[in-house]
Structure formats: structure tokens, C-alpha cells
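Reviewing the structure listed below.
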Amino acid sequence: HVQQRSILDFKCLTLLLSDGTSQLMLDFSLHGEKGKKEDKIQGLTPKERKVRFSENHTGQAVEERIKEYDMKKTDKAIEMVKYAIKCGVRFDYLLIDSWFTNAAFVKRITSRHIKCNPVGMIKLGKTRYQTPYGELTAKEIIRKLHKLGLCKHNATLKCTYCTIDVKYAVTTVRLFFCKRGRNGQWNGLLTTDMKLSFLKAYKVYSMRWATECAYCDCKTLLNLGRCQSVHFSAQIASFTLTLMQYNILCTVKRFESYETIGALFADATDESLELSVTDKIWELILDTILEIAALVSADASELLRALVDDNPKFHKLYRMYNLNVA
């Protein structure tokens with residue numbers, strides 16, 4: 001930034017459905033970041049906020065999206081999951097990162113009878129869990145299990161892991177801790193599925209990487225977040241169209257898996273360019289024929305038919321244009 005300071009922008013929260021092979025974007029919302037400084041909301045002074053662009057959206061379709069802007073992302077995530085289920089989408093596990101794996105989120109998921117089990121990363125911080133050995137933090141649990149000799153080695157994943165059932169957010173959850181190598185860092189997973197093994201939990205949560213791949217494809221190939229309009233409705237439209245494009249390309253890729261998303265995107269772009277060029281060339285040809293017909297006092301349609309029928313290249317161009325129009 002030319003002023004060498006940060007201005008807080010908005011974040012995009014998405015709900016993605018994956019079966020391990022392909023994925024679809026189900027929902028999204030845009031959320032603002034106010035920041036920690038009360039005198040500089042979004043990194044702006046009151047004077048700067050007063051002069052920035054704004055408009056009234058009362059009664060417009062985008063008004064509902066604006067209400068989401070100031071919502072907590074954890075609350076909106078719950079709404080997204082409930083809405084997806086209401087629309088008939090079914091899934092076994094809700095994969096979330098450490099930002100959403102907190103007591104309030106787990107409590108709401110388990111108390112709303114959503115009938116899915118969250119599997120999420122946890123931070124090895126100060127959060128305490130009720131264990132058979134008392135209230136312990138994640139790091140204290142790891143030390144206790146290691147001391148009792150309950151840490152095991154998984155030959156498939158080549159890592160050390162341990163498992164424990166604890167009380168958290170007024171419900172029983174299962175914690176998995178694992179690390180690679182002697183000096184590796186411990187990572188934690190939490191789930192409400194008490195029948196889930198460590199290996200299955202690891203494989204299930206690894207599917208969440210599809211989200212990062214989807215973001216990469218959308219940003220690099222479909223220009224996600226590149227809209228520069230100052231109108232909020234335009235930003236919503238831009239995100240909507242981009243995610244719809246991504247869903248279409250993923251659907252095509254599922255049936256033609258030998259092509260990558262990048263290849264499909266390139267082909268679609270080339271075809272679109274070919275169509276526009278064909279239209280322009282054909283328009284020039286028609287204008288030229290009309291002028292010639294006027295000069296020689298001939299029928300334009302007869303002149304065009306004679307030209308197309310006697311010339312294979314014109315005939316091919318004529319058929320291509322008619323197919324495009326159809």
C-alpha cells in the first residue's frame with residue numbers, strides 16, 4: 001500500500017462438499033474485519049470512514065448479504081450447514097480448522113441434531129478438557145499419555161499417535177494427537193464420532209485439503225476476489241459467478257478426469273475467444289456482401305448463397321456461425 005499501513009478488508013467463508021474425488025462449492029458469505037483498535041475500525045480513522053463510498057441497500061436483494069457481513073463466522077457456519085441439510089445435502093463429517101473448533105461451535109453442532117460429526121484441528125493452547133486424570137490442557141494430556149506408555153506408532157502414516165476420550169463443551173469427544181519424527185510437533189484432532197479410529201480420522205480430515213486446492217484454482221484460474229468494484233452487490237455477484245464456474249468445471253472434470261481444471265479452463269477460454277472472433281468475421285462478411293449487392297443491384301441473399309456454396313471455407317464458416325447461434 002502506498003501509505004505503508006494495513007487496511008482490513010473482508011474475508012470469504014465457504015462451505016464445500018467433497019467426496020475425495022471432486023468437490024462443489026455449496027455456499028459462501030463475506031465478512032468484515034473491524035480490527036482490535038476501536039478508534040480505527042478496519043484500520044481507518046473516523047474522517048476516512050466518513051468520506052469513503054457508501055450506498056443504501058434497503059429493500060434490495062443484497063440486503064440479506066449485508067447483514068451477514070458483521071456476523072461471527074462461527075454463527076454463519078452453523079447457518080450454512082443447517083441450510084445445506086435443509087436443501088437435501090447429506091454428509092457424514094463436517095471438517096473444520098482450528099478457528100471453528102471451539103466449545104461454542106461444538107456445543108451448537110451437537111445440540112442442534114444436525115446429525116453429522118465434526119472433525120477439526122485443535123490448538124494446543126490453554127483450553128482444558130475433563131479427562132480421567134483431571135482437567136488438563138492438550139499438552140498436559142500428551143505428556144500424561146506418553147508417561148503412561150499409551151502412545152503408539154502407526155506404520156502406515158509413519159507417525160506417533162495417542163487417543164483419549166474426554167468431556168468438552170458438555171459432551172464427550174475423542175481427541176487424537178500425532179507427530180512425525182522424534183522432534184516433530186504435535187498436532188491435535190477432535191471429533192464427536194466415538195467409533196472413529198486414528199487412521200480413519202486422519203484420512204477423513206486429509207480430505208479438507210480439497211478446500212485449499214479449490215481456493216488455489218479459483219484464485220489463479222477464475223480470478224476469485226479480483227473484482228475492483230466499490231459496489232457490494234457487484235462483489236457478491238463476482239463471487240457467485242466464480243464459484244458457479246468452479247462447480248461447472250469440477251463437474252466436467254469428474255466425467256473427464258484425464259484433464260485438469262487448468263486444461264478445462266484454458267479450453268473453455270479458447271472456445272469463447274473463437275466464438276467471438278467468428279461472430280466478428282461473419283459480421284464483416286455480411287456487411288461487405290450487402291454493399292456489393294447494392295452496387296451491382298443484386299439480391300443479397302442470392303449473392304451470399306452463391307458465395308457460400310461455391311467456396312468450402314465460407315461454407316465451413318457459415319455452418320460454424322449457425323451452430324453457435326443455435
Side-chain angles (χ1 to χ4, degrees), residues 11 13-16 18 20 36 72-75 77-78 81 91-112 114-216:
K11 293 183 177 180
L13 176 67
T14 57
L15 181 66
L16 181 142
S18 176
K36 298 180 180 179
K72 292 179 62 177
K73 288 188 283 292
T74 51
D75 293 339
I78 294 288
V81 173
F91 43 88
D92 298 321
Y93 297 102
L94 178 64
L95 310 181
I96 51 180
D97 62 15
S98 57
W99 177 266
F100 295 94
T101 312
N102 54 54
F105 192 84
V106 172
K107 185 177 180 181
R108 292 190 66 180
I109 284 287
T110 54
S111 63
R112 294 296 181 102
I114 295 179
K115 296 181 180 180
C116 67
N117 291 296
V119 179
M121 289 283 290
I122 61 172
K123 297 177 181 178
L124 306 187
K126 299 180 180 180
T127 303
R128 292 190 170 273
Y129 306 89
Q130 185 63 48
T131 74
Y133 318 107
E135 286 193 358
L136 303 176
T137 64
K139 292 182 178 179
E140 291 171 344
I141 292 174
I142 294 171
R143 285 196 292 266
K144 186 67 175 179
L145 296 177
H146 189 271
K147 185 177 180 180
L148 294 174
L150 297 177
C151 291
K152 303 177 182 179
H153 179 75
N154 186 283
T156 304
L157 301 176
K158 298 180 180 180
C159 66
T160 302
Y161 76 95
C162 51
T163 306
I164 187 173
D165 296 340
V166 302
K167 282 283 187 180
Y168 180 65
V170 202
T171 187
T172 303
V173 299
R174 177 163 289 184
L175 299 181
F176 301 100
F177 299 99
C178 69
K179 74 169 183 176
R180 293 182 182 274
R182 185 180 297 273
N183 299 319
Q185 292 185 346
W186 285 95
N187 294 297
L189 280 177
L190 178 149
T191 181
T192 56
D193 186 354
M194 307 307 294
K195 298 180 180 179
L196 203 61
S197 65
F198 167 71
L199 185 59
K200 180 67 181 297
Y202 189 97
K203 290 181 177 179
V204 167
Y205 191 74
S206 65
M207 291 171 62
R208 192 188 165 275
W209 183 247
T211 306
E212 307 303 329
C213 294
Y215 286 149
C216 181

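Numbers here are sequence positions counted from 1. Note that this is a predicted model, so its numbers are computed, not measured.
Arg174 contributes a side-chain N or O that, together with a main-chain N or O of Met194, makes up a donor-acceptor pair within less than 3.5 Å. Side-chain atoms of Thr191 come within 3.5 Å of backbone N or O of Pro118 as a donor-acceptor pair. At least one donor-acceptor pair under 3.5 Å links the side chain of Tyr205 to the backbone N or O of Ile96.
Rounding to the nearest 0.5 Å places CD1 of Ile141 at 10.0 Å from OH of Tyr133. Here the SG atom belonging to Cys159 is positioned 5.0 Å from the CG atom belonging to Asn154, to the nearest 0.5 angstrom. One finds the CG atom of Leu136 at 4.0 Å from the OG1 atom of Thr131 (value rounded to the nearest 0.5 Å). To the nearest 0.5 Å, atom OG of residue Ser98 and atom CG of residue Leu124 are 9.5 Å apart. Annotation: the span from Leu157 atom CG to Arg180 atom CZ amounts to 6.0 Å, rounded to 0.5 Å. Put simply, CG on Asn117 and CG on Asp92 are 8.0 Å apart, with the number rounded to the nearest 0.5 Å.
Classified by interplanar angle (parallel below 30°, tilted 30° to 60°, perpendicular above 60°), the ring pair Tyr168/Tyr129 is tilted.
Of all heavy-atom pairs between Thr137 and Lys126, the closest is CG2-O, 3.9 Å. The two residues Arg128 and Glu140 have their closest heavy-atom pair at NH1-OE1, 3.3 Å. Nearest heavy-atom pair across Ile78 and Phe105 is CD1-CE1, 3.8 Å. In terms of heavy atoms, Ala169 sits closest to Ala103 at CB-O, 3.4 Å. Thr163 and Phe198 make their closest contact through OG1-CB, 4.4 Å (heavy atoms, listed as atom of the first residue, atom of the second, distance). The shortest heavy-atom contact between Trp186 and Cys151 is CH2-SG, 4.2 Å.
Considering only heavy atoms from C-beta on, Leu189 stays 4.5 Å or farther from Leu175 through its side chain. Looking at heavy atoms from C-beta onward, Leu94 lies in side-chain contact with Val81 at the 4.5 angstrom threshold. Taking the side chain as every heavy atom from C-beta outward, Lys73 and Phe100 approach each other to under 4.5 Å. Side-chain contact between Thr171 and Val106: present, with at least one pair of heavy atoms (C-beta onward) separated by less than 4.5 Å. Contact check for Asn187 versus Lys179: no side-chain heavy atoms found under the 4.5 Å cut-off.
Salt-bridge formation is not detected for the pair Lys200/Asp193: no Lys NZ or Arg NE/NH1/NH2 atom is positioned less than 4.0 Å from an Asp or Glu carboxylate oxygen.
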(Q) If you apply the rule side chain to side chain contact (heavy atoms under 4.5 Å, CB included), what do you find for Leu95 with Met207, and how did you get there? (A) CA-CA 8 Å; Leu95 310 181; Met207 291 171 62; 4.1 Å; yes
**Q.** Val166/Gln130 under side chain to side chain contact (heavy atoms under 4.5 Å, CB included): CA gap, chis, key distance, verdict
**A.** CA-CA 6 Å; Val166 302; Gln130 185 63 48; 5.8 Å; no
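Atom CD of Gln185 is surrounded by 12 or fewer heavy atoms from other residues, nucleotides or ligands within 6.0 Å.
No hydrogens or angles considered: nothing links the side chains of Ser197 and Tyr202 as a donor-acceptor pair under 3.5 Å.
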